[in-house]
Protein chains: 2
Amino acid sequence: MALEHAILVSLLEKPGSGYELARRFERSIGYFWTATHQQIYRVLKRMENDGWIDVRDVPQQGRPDKKEYSVADLGRAALSSWLHDPIEPESVRHDLAVKIRGAAFDDPAALIREVERHRQAHRDRLAHYLAGEARDFPRSEADATGPQAPPDAERELQHVVLRGGIRYERMMIDWLDDVLATLARFGPGH
Amino acid sequence: MALEHAILVSLLEKPGSGYELARRFERSIGYFWTATHQQIYRVLKRMENDGWIDVRDVPQQGRPDKKEYSVADLGRAALSSWLHDPIEPESVRHDLAVKIRGAAFDDPAALIREVERHRQAHRDRLAHYLAGEARDFPRSEADATGPQAPPDAERELQHVVLRGGIRYERMMIDWLDDVLATLARFGPGH
DNA sequence: GCTTGCTATGCAACGAGTTGCATAGCAGGA
DNA sequence: TCCTGCTATGCAACTCGTTGCATAGCAAGC
C-alpha cells in the first residue's frame, strides 16, 4: 500500500488541501499513481488521526475555505521507513493486452479502432510530458558547459521520473504500431 | 474489472482447473494481469453460477482430483461484449517512481541497491521472455521467404503481446540505468 | 513413522478501490 | 432569478484484492 506514501511525497513537495491533491493526482503524481478524491479524503483523515500530517484551516475569498495539510515528523519518519523497506513487487494490470489476446476468439479487426484510440491517448500524453519537460527543465546539467550548479535532488529526481514517463509513452506508441500492423493482417471474419 | 475476462481468455486458449489458472497467472497471463489463487477460485465460482463457464470433475492418479473449467456460450458472449466495449482507461501503480521522488526528502543514495534489485528483476524477466519467444515463435512470418503459412490469429496475437512485454522490460532496464546514474550524483548525506 | 513438498480447493477477515450521491459557497451568464 | 460550473469536502454501499489460515491426497526421502 503506497497511497499514503504518495500523498506524503506530494505534501513534502508542497503542502495543500485534499482538493489540490486530487488535482495533482490527475497531473504529475497521477501519471504513476492514480487516486480519486474520495480515496484521498479518507486517507488524509486517517493520516491526520495517526499524527502523520498537520492541518490548518485556510479561509479563502471568492471560494470555499480549505484545509491545508502538511507533513508532520511522524509522517516523515513513516516515509523514511517505507523508503528503506526493500520489498517491492510489481503488479501489472493491462486490460489492453487481455483484449488483444482475447480478440483471437472474436473479431481481431474490430479492435483496430480501440487500439488507435489508445495510441492517440499515448501520443497526447507524450506531447504533454515533453511540453512539461521543456517548461520545467529547460536545460539539464548534462548540457551545461559552464560551472556546475549544485545538484538539486528534488528537481533532478522529479526529472528522472518524468523521463521514465516519456520513455514509457514512446515504448507504448511503438508497441501499439506493432499491434496495429499485426491486427491489419486479419480481415473481418478471420 | 477484467479478471473475469482474463480468465475467459485463458480458458479459451486451454481449459483448466483453478490451480492451473493460478500457475498461468504466474507465467504468461500473469505478466500483464496478476491474480492469486484465492481470487481465482472465488471468481470461478461466481462465473460458474452465472453460467459463463462449465465444470467437469476430472479424477487423477497420484494427485488430488481437479475441476476442469471450460468456457460456455454465455461466457463467450460476455467476452465478446467486453471486447466491443470501447471504454478503457489506464490505471498505473508504480511504487518505485513514488520512492524515487520521495528519496529527495531522505537519502537518495540509500535507494541505489533497491533500484539495482529491480533492474536485475527486469533483466531476468527479459531473458525469460526472450527464451520463451525463441521457443514458441522460432521464426516469425516476417522472416519467412517461402510461401506464407495461413495467419494464425491466436499465435500471432500471443506473440505481439509477448513483444510488448519485451519492449517493456527493455524500456525499464534503460530507465533504471538512467535512475542509477542520477542517484549516483548524490552522495550519502546530500 | 515423520517430515517435507507439491497438487488442489477453499473460508474468513480485512484493507483498498470504485461508484453514486449529497452538501455548500460563490461566480458568471441567460 | 435560475442554471451552470468550479471549488471544496464528505458519506454509504459495494466490489476487488490481499493475507492468513485450513484441509486433504499423495510421493519421496530420512
Side-chain angles (χ1 to χ4, degrees), chain A residues 1-7 15-27 29-30 32-50 53 55-69 78 82 85 87-95 98, chain B residues 1-7 11 15-27 29-30 32-50 53 55-69 82 85 87-95 98:
Chain A
M1 170 21 202
L3 175 55
E4 277 140 327
H5 305 107
I7 287 175
S17 68
Y19 189 82
E20 283 161 356
L21 282 170
R23 309 209 66 195
R24 289 184 211 171
F25 273 85
E26 287 167 7
R27 306 182 301 103
I29 306 277
F32 50 91
W33 201 275
T34 56
T36 60
H37 78 272
Q38 289 88 346
Q39 239 180 303
I40 291 167
Y41 283 122
R42 191 205 290 154
V43 171
L44 280 175
K45 192 147 284 180
R46 187 173 65 229
M47 291 168 79
E48 190 196 337
N49 286 336
D50 292 349
I53 52 178
V55 206
R56 193 169 67 92
D57 275 334
V58 178
Q60 298 189 110
Q61 300 147 318
R63 51 176 68 180
D65 298 350
K66 66 175 181 180
K67 298 182 182 175
E68 194 182 77
Y69 292 93
W82 177 69
D85 210 4
I87 42 168
E88 200 61 12
E90 260 202 74
S91 82
V92 192
R93 295 284 148 98
H94 210 308
D95 303 66
V98 178
Chain B
M1 173 13 203
L3 175 54
E4 279 142 325
H5 304 108
I7 288 176
L11 288 180
S17 69
Y19 188 82
E20 284 161 355
L21 282 170
R23 308 211 67 198
R24 290 184 211 170
F25 274 84
E26 287 166 7
R27 305 183 299 105
I29 306 279
F32 50 90
W33 200 275
T34 56
T36 61
H37 78 273
Q38 289 87 344
Q39 238 180 306
I40 290 166
Y41 282 122
R42 192 204 289 156
V43 171
L44 280 174
K45 192 148 284 181
R46 187 173 65 226
M47 292 168 78
E48 191 196 334
N49 287 336
D50 293 348
I53 52 178
V55 207
R56 192 169 68 93
D57 275 337
V58 178
Q60 298 188 111
Q61 298 146 321
R63 53 177 65 178
D65 298 349
K66 68 175 180 178
K67 298 183 183 177
E68 194 182 78
Y69 293 93
W82 178 69
D85 211 3
I87 41 167
E88 200 60 15
E90 261 203 73
S91 81
V92 191
R93 295 284 148 97
H94 210 308
D95 302 65
V98 178

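Naming: A, B, ... by sequence-line order, numbering from 1 per chain.
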In whole Å, I'd like the distance from the CD1 atom of B/Ile40 to the C1' atom of C/dT9.
12 Å

Per-nucleotide protein contact along nucleotides 18-30 of chain C, 5' to 3', at a 4.0 Å heavy-atom cut-off (B base, S sugar-phosphate only, - neither), is BBBB---BS----

OP1, OP2 of C/dG10 versus side-chain N and O of B/Tyr41: anything below 4.0 Å?
no

Whole angstroms only, please: what is the CZ-P distance between B/Arg46 and D/dC16?
5 Å

In whole angstroms, how far is the C1' atom of D/dG17 from the CG atom of B/Asp95?
15 Å

Could you tell me if the side chain of A/His94 sits less than 4.5 Å from the side chain of A/Val98, heavy atoms only?
no

Tell me the interatomic distance from A/Ile7, atom CD1, to C/dG17, atom P, rounded to whole angstroms.
10 Å

Please state how far atom CE in A/Met47 lies from atom C1' in D/dT9, giving the value in whole angstrom units.
17 Å

Atom CG of A/Leu21 and atom P of D/dG10 are separated, to the nearest Å, by 13 Å

Distance from A/His5 atom NE2 to A/Met47 atom CE, nearest 0.5 Å?
8.0 Å

Interatomic distance, A/Asp57 CG vs D/dA8 P [rounded to whole Å]:
13 Å

Which value, rounded to the nearest 0.5 Å, describes the distance between A/Ile7 atom CD1 and A/Ile29 atom CD1?
10.0 Å

OP1 or OP2 of D/dT7 less than 4.0 angstrom from a side-chain nitrogen or oxygen of A/Arg23, does that happen here?
yes

May I ask you to verify if any side-chain N or O of B/Lys66 is less than 4.0 angstrom from the OP1 or OP2 atom of D/dC26?
no

Which atom of B/His37 lies closest to which atom of B/Ala22, heavy atoms considered
CB-CB, 3.9 Å

Rounded to whole angstrom units, what separation is found between the CD atom of A/Gln60 and the C1' atom of D/dC6?
12 Å

Checking the side chain of B/Asp65 only, and the main-chain atoms of B/Gln60 only, is there a donor and an acceptor separated by less than 3.5 Å?
yes

Measure across A/Tyr41 and A/Gly18 and return the closest heavy-atom pair with its distance rounded to 0.1 Å.
CE2-CA, 3.8 Å

Establish, with yes or no, whether the OP1 or OP2 oxygen of C/dT9 is under 4.0 angstrom from a side-chain nitrogen or oxygen of B/Tyr19.
no

Taking only the side-chain nitrogens and oxygens of A/Lys45, find out if one of them lies under 4.0 Å from OP1 or OP2 of D/dT9.
no

Donor-acceptor pair, distance only, cut-off 3.5 Å: does the side chain of A/Arg24 make one with the backbone of A/Gly30?
no

